[in-house]
Amino acid sequence: MKDIFKKSLKVYFLLFLANIMSFFLIISLNVITVAVSTENIGYVAYGTTDKSQEPKQLYTHYYDQGEDTKKAEFENNGYTVTTSSVRSNPSKTATVVSKSISTVMCVIILFLLIYNNLWKYGNIDRTGVKYKNQKEQKYKGFIVGLIANTPALLLFAVLILFKNAFAKNFPVKLFGLLNTYLFDFLNLISANTVFGNIAFWQVAVILLMLLIVPLSCEIAYYLGYKDIILSEKFVYKKKDTV
């Protein structure tokens with residue numbers, strides 16, 4: 001059991017690393033989505049004067065309002081006017097596609113980080129069971145992942161149990177920020193929902209998504225236990241098709 005806890009701690013740190021990588025991935029994809037699926041619809045005007053060089057927001061102008069007459073007025077009153085573009089919101093389709101892609105990519109990052117460590121763990125156990133009379137534990141990988149993900153599961157359980165008390169106004173989005181690999185997915189199914197308004201189906205779906213970590217650990221462990229090397233499978237398959 002000590003060995004399992006030690007391995008779970010390793011997975012916990014890998015999960016932390018996956019969250020950091022997911023954070024930067026989500027930001028990057030969001031920038032790309034905004035650039036591709038939105039357009040300039042206006043600008044915010046800022047002004048400075050000789051007395052104050054700190055920019056002050058003056059007004060917002062949208063192109064569909066026609067000609068901007070305020071800019072000249074502020075300039076006549078001694079302001080130096082600069083503008084910052086205002087872009088339209090991404091379409092619903094673009095948002096769903098972007099967040100779906102980022103969620104899949106975040107889960108892949110998570111799995112790849114866990115894979116090598118748990119594969120070796122399973123492969124070592126394969127040798128132990130085969131030659132050293134070690135007891136077989138088919139779901140050892142799942143247990144490791146479940147323990148590693150205990151902080152997230154416990155937090156989720158507390159938020160659900162007290163969703164009508166102190167957790168009433170706790171945003172689901174904030175829980176997603178603490179589990180960044182699920183951030184975009186939680187935004188898709190809950191938007192700006194707080195735990196006080198969370199629906200049963202949302203609870204069930206989030207709980208299932210939190211099982212990604214133990215399931216990933218179990219898959220990697222099982223492949224190692226069966227001595228299955230995925231890279232070799234893909235390489236040989238590619239050679240056969242050539």
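Residue pairs that meet the salt bridge (charged side-chain N to carboxylate O under 4.0 Å, His left out) test with at least one member in residues 168-182, sequence neighbours left out, do not exist here. Note on residues 18-32: no pairs pass salt bridge (charged side-chain N to carboxylate O under 4.0 Å, His left out), not counting sequence neighbours.
Formation of a donor-acceptor pair under 3.5 Å by the D68 side chain with backbone atoms of K70 is found in this model. A donor-acceptor pair is defined here as one N or O able to donate and one able to accept, closer than 3.5 Å; such a pair exists between the side chain of H61 and the backbone of G66.
Within 6.0 Å of CG in N133 there are 12 or fewer heavy atoms belonging to other residues, nucleotides or ligands. Other residues, nucleotides and ligands contribute more than 12 heavy atoms inside 6.0 Å of the CD atom of Q65. Other residues, nucleotides and ligands contribute at most 12 non-hydrogen atoms within 6.0 Å of the CD atom of E67. Enclosure of atom CE in M209 by more than 12 non-hydrogen atoms of other residues, nucleotides or ligands within 6.0 angstrom is indicated. In this structure, K10 places its NZ atom where only 12 or fewer heavy-atom neighbours from other residues, nucleotides or ligands lie under 6.0 Å away. Surrounding OH of Y63 are more than 12 heavy atoms belonging to other residues, nucleotides or ligands, all under 6.0 Å away. Residue N192 qualifies as open at atom CG: its count of foreign heavy atoms under 6.0 Å is 12 or below.
Relative orientation of the F74 and Y59 rings is parallel, given thresholds of 30° and 60° on the angle between their planes. By the 30° and 60° cut-offs, the orientation of the rings of F156 relative to F175 is tilted.
With contacts defined as side-chain heavy-atom distances shorter than 4.5 Å, the pair V172/N187 does not qualify.
Contacts of R126 classified as side-chain hydrogen bond (donor to acceptor under 3.5 Å, both in side chains), with partners at least two apart in sequence or in another chain: none. In this view, K99 and D184 satisfy the salt bridge (charged side-chain N to carboxylate O under 4.0 Å, His left out) rule, not counting sequence neighbours. Every residue two or more places apart in sequence or in another chain that forms a salt bridge (charged side-chain N to carboxylate O under 4.0 Å, His left out) with K140 is listed here: D125. Under the rule for a side-chain hydrogen bond (donor to acceptor under 3.5 Å, both in side chains), the partners of T33 that lie at least two apart in sequence or sit in another chain are S98.
The same ILVMFWY cluster, assembled from side-chain heavy atoms under 4.5 Å apart, contains both V205 and L178. V144 and L113 are assigned to two separate hydrophobic clusters, defined by single-linkage of ILVMFWY side chains at heavy-atom distances under 4.5 Å. L155 is not connected to Y12 by any chain of hydrophobic side-chain contacts under 4.5 Å among Ile, Leu, Val, Met, Phe, Trp and Tyr, and they are in different clusters. Both V44 and I41 sit in one connected hydrophobic cluster of ILVMFWY residues. Membership requires side-chain heavy atoms under 4.5 Å apart, directly or through other members. Taking hydrophobic clusters as Ile, Leu, Val, Met, Phe, Trp and Tyr residues chained together by side-chain heavy-atom distances below 4.5 Å, L210 shares a cluster with F170.
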* Asked: Where do E73 and Y79 land on the side-chain hydrogen bond (donor to acceptor under 3.5 Å, both in side chains) test, with the steps shown first?
  -> CA-CA 9 Å; E73 182 181 336; Y79 282 93; over 6 Å; no

* **Chi angles and distances behind the side-chain hydrogen bond (donor to acceptor under 3.5 Å, both in side chains) call for N123, D227** => CA-CA 6 Å; N123 203 245; D227 202 29; 3.0 Å; yes

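Between K163 and N197, the side chains place no donor N or O within less than 3.5 Å of an acceptor N or O (distance only, hydrogens not considered).
Here the rule is ring pair (Phe, Tyr, Trp, His ring centres under 6.0 Å) with Y221, and of Y121, W119, Y115 only Y121 fits it.
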